Amino acid sequence: MAVPRRVHVVLFVYITVILTAVAVHAQRDTCGAELNTFLPAPFNSSALLCKSVWNSFILRYSKLKSEDNITSIVLSAPYSSGWVGIGFSNDGKMVGSSAMVGWIDNQGRAYIKQYYLSNQTSSGVKVDEGKLLTTDVPSAAVLYGDNIYLVFQVKFHLHIARQSVILAFSKISPNKFHLAEHDDKTTLSFDFSSGDSVSTYYPYQLKRNHGAFAIFGWGVLVPLGAIAARYLRHKDPLWYYLHVLVQFLGYIIGFAGVVSGIALYNRTHSNFTTHRSLGISVLALGSLQVIAFFLHPNKDSQVRKCWNQYHHWLGRICIFLAAINIVLGIELSDTNISWKVIYGAIISVMIISTTFLEVMMCTKLPKEGTCNGGLQMPTHHPNS
């Protein structure tokens, strides 16, 4: 049976209306959107400056005035669950910062709380504490469409136009006001005093790459190459090939860590002089080891013994300084505790393994003279 044309028209109009409503509902916030229909007084979106900052986060703010150092802030972000936060820091790090965090609970109730981040653990995130001075204007969290809006006023101690701002979010809702760890975050430098809000993003991904390359190259592969040279000498010439291959790979990956560290310094100009100096020293020692490989003397040469000592001691110093610098870098990076746990586990496994291998070698193979307290390098090289 044929469907009347009028039914087709009605269905088309109905579907169009539904799709339009869904599209409007799912539309992300933009700086041109009108918010006064749902924002509480006295926040007037048309009187606020607006900047799209990160991951669809939009920051609206009033121009900071020198007479009161007060600014009105409206932060919006896409929201389905969890929490959204904006923090203020003196040095760009999360530790020591104060943040306004908002969320909607399972019953649809909106919350906005101030938190103080005293350290990197969950117990160090203190609810209803912080150094942000709010005004008598009530703060609010509003869910509208697919976005959550954090609305509050903050009074700065001094008229410092450029502030280090931290943006973060998590998809896990707070449990009894305890925040779950963030899924992602960024830090930017924001100017609240001018209409030209210039923001500079902190390169967290570059920092993670720098740390991962340094740990895996200098902290894992280079020590493993040394372990192969000392404890696998009875597997000749396998130990030699493993030693050369693993340490060359460690040097290349470690070199990538140094390059990413230089790029990170050029982006942030962090004043970590000791960490940077140790990194350059480790690279220099590693490079000398590579050069020594290509310039090694024959086993019958008179300088072979001196070359062995040179190669042994530079290798030891390089591994030791690399371990110290990795620990220092993790401490300076303001990263979560998982990095400390991972590298601590790596160091523990290596110490326990080398201790066991050293005891086994000294007790079972005393006649071969291998337990002489030094990294053993080859007394011969394969013809290849």
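The basis for the numbers below is simple: all heavy atoms, side chains too, and nothing from hydrogens, waters or symmetry mates. Since the structure is predicted, the reported quantities are computational estimates derived from the model, not experimental observations.
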Handout entry: side-chain contact (heavy atoms from CB on, under 4.5 Å) evaluation trace for L238 with L232
Key = CA-CA 8 Å; L238 175 62; L232 294 179; 5.9 Å; no
Handout entry: Parallel, tilted or perpendicular: rings of W239 and H243 (30°, 60°)
Key = tilted
Exercise for the section: Answer yes or no: is there a donor N or O on one side and an acceptor on the other, between the side chain of Y79 and the main chain of I104, under 3.5 Å? Expected result: yes
Handout entry: Non-hydrogen side-chain atoms of M100 and L75 separated by less than 4.5 Å
Key = no
Handout entry: Pairwise side-chain contact, V137 with P42, heavy-atom cut-off 4.5 Å (strictly under)
Key = yes
Handout entry: More than 12 heavy atoms of other groups within 6.0 Å of Y310 OH
Key = yes
Exercise for the section: Find out if a path of hydrophobic residues (ILVMFWY) with successive side-chain heavy-atom gaps under 4.5 Å connects I280 to L314. Expected result: no
Handout entry: Joint hydrophobic cluster, I352 plus V341, side-chain heavy atoms closer than 4.5 Å
Key = no
Problem - R60 side, atom CZ; S72 side, atom OG - distance, nearest 0.5 Å - result: 13.5 Å
Handout entry: Distance (rounded to the nearest 0.5 Å) between L332 CG and K207 NZ
Key = 10.0 Å
Problem - Hydrophobic cluster partners of I291 (side-chain heavy atoms under 4.5 Å) - result: L295
Practice task
Compare every heavy atom of V246 with every heavy atom of L221, then report the nearest pair and how far apart it is.
Solution key: O-CG1, 3.1 Å
Practice task
Give a yes or no on whether L167 and Y116 share a hydrophobic cluster (residues Ile, Leu, Val, Met, Phe, Trp, Tyr; joining criterion: side-chain heavy atoms under 4.5 Å apart).
Solution key: no
Exercise for the section: Find the distance between NE2 (H210) and CD (Q205) and round it off to the nearest 0.5 Å. Expected result: 13.5 Å
Handout entry: Smallest separation among heavy atoms of Y231 and T354, with atom names
Key = OH-O, 3.6 Å
Handout entry: Side chain N147, main chain S76, donor-acceptor under 3.5 Å
Key = no
Handout entry: Over 12 foreign heavy atoms within 6.0 Å of CZ, F248
Key = yes
Exercise for the section: Tell me, yes or no, whether the heavy-atom count around F255 atom CZ, taken from other residues, nucleotides or ligands under 6.0 Å, exceeds 12. Expected result: no
Handout entry: Main-chain N/O of K155 paired to Q153 side chain as donor or acceptor, under 3.5 Å
Key = no
Exercise for the section: Evaluate the side-chain proximity of Y251 to V222: yes if any heavy-atom separation is below 4.5 Å, no if none is. Expected result: no
Practice task
Check for a donor-acceptor pair, side chain of S173 on one end and backbone N or O of G82 on the other, with a separation under 3.5 Å.
Solution key: yes
Fill in the blank from the handout: When rounded to the nearest 0.5 Å, the distance separating NE2 of H275 from CD of E331 is 12.0 Å
Exercise for the section: Start with the C-alpha gap between L224 and M350, add the side-chain angles, then the distance that decides, and say whether side-chain contact (heavy atoms from CB on, under 4.5 Å) holds. Expected result: CA-CA 9 Å; L224 284 179; M350 285 190 175; 4.0 Å; yes
Problem - Heavy-atom side-chain proximity of L328 to F272 below 4.5 angstrom - result: no
Exercise for the section: For the residue pair I86 and F152, establish whether any side-chain heavy-atom pair is separated by less than 4.5 Å. Expected result: yes
Handout entry: Heavy-atom closest contact (W218 atom, P223 atom, distance)
Key = O-CD, 3.3 Å
Handout entry: Donor-acceptor contact below 3.5 Å, side chain H311 vs main chain W307
Key = no
Exercise for the section: Check whether any side-chain N or O of T71 sits under 3.5 Å from a backbone N or O of Y61 as a donor-acceptor pair, and report yes or no. Expected result: no
Fill in the blank from the handout: What one should report as the nearest heavy-atom pair of V151 and P40 is CG1-CG, 4.4 Å
Practice task
State the CG-CZ distance between N36 and F43, to the nearest 0.5 angstrom.
Solution key: 12.0 Å
Exercise for the section: Evaluate whether atom CZ of F177 has more than 12 neighbouring non-hydrogen atoms of other residues, nucleotides or ligands under 6.0 angstrom away. Expected result: yes
Completion exercise
Scanning both residues in full, the closest heavy-atom pair of M360 with T363 reads O-OG1, 3.2 Å
Exercise for the section: For the pair W83 (side chain) and V101 (backbone), establish whether a donor and an acceptor sit closer than 3.5 Å, ignoring hydrogens and angles. Expected result: no
Exercise for the section: Compare all side-chain heavy atoms of I262 with those of V258 and state whether any distance is below 4.5 angstrom. Expected result: yes
Problem - Counterpart residues, ring-ring contact (aromatic ring centres under 6.0 Å, His included), relative to F57 (two or more places apart) - result: W54
Handout entry: Verdict with reasoning, L59 to I73, per side-chain contact (heavy atoms from CB on, under 4.5 Å)
Key = CA-CA 7 Å; L59 184 60; I73 294 177; 3.6 Å; yes
Problem - N/O donor-acceptor pair under 3.5 Å between Q114 side chain and D128 backbone - result: no
Exercise for the section: Fit a plane to each ring of W103 and Y115, take the angle between them on a 0 to 90° scale, and name the class: parallel (under 30°), tilted (30 to 60°) or perpendicular (over 60°). Expected result: tilted
Problem - Side chain S260, main chain G257, donor-acceptor under 3.5 Å - result: yes
Exercise for the section: Determine yes or no for a side-chain-to-main-chain donor-acceptor pair under 3.5 angstrom, with S56 supplying the side chain and A77 the backbone. Expected result: no
Exercise for the section: Flag the pair W339 / R208 as yes when at least one side-chain heavy-atom distance between them is below 4.5 Å, and no otherwise. Expected result: yes
Handout entry: Step-by-step side-chain contact (heavy atoms from CB on, under 4.5 Å) determination, I330 to I215
Key = CA-CA 10 Å; I330 293 175; I215 291 174; 4.1 Å; yes
Completion exercise
Shortest non-hydrogen pair, A168 vs K185, comes out as CB-CB, 3.8 Å
Problem - Sub-4.5 Å side-chain heavy-atom contact between I347 and I326 - result: no
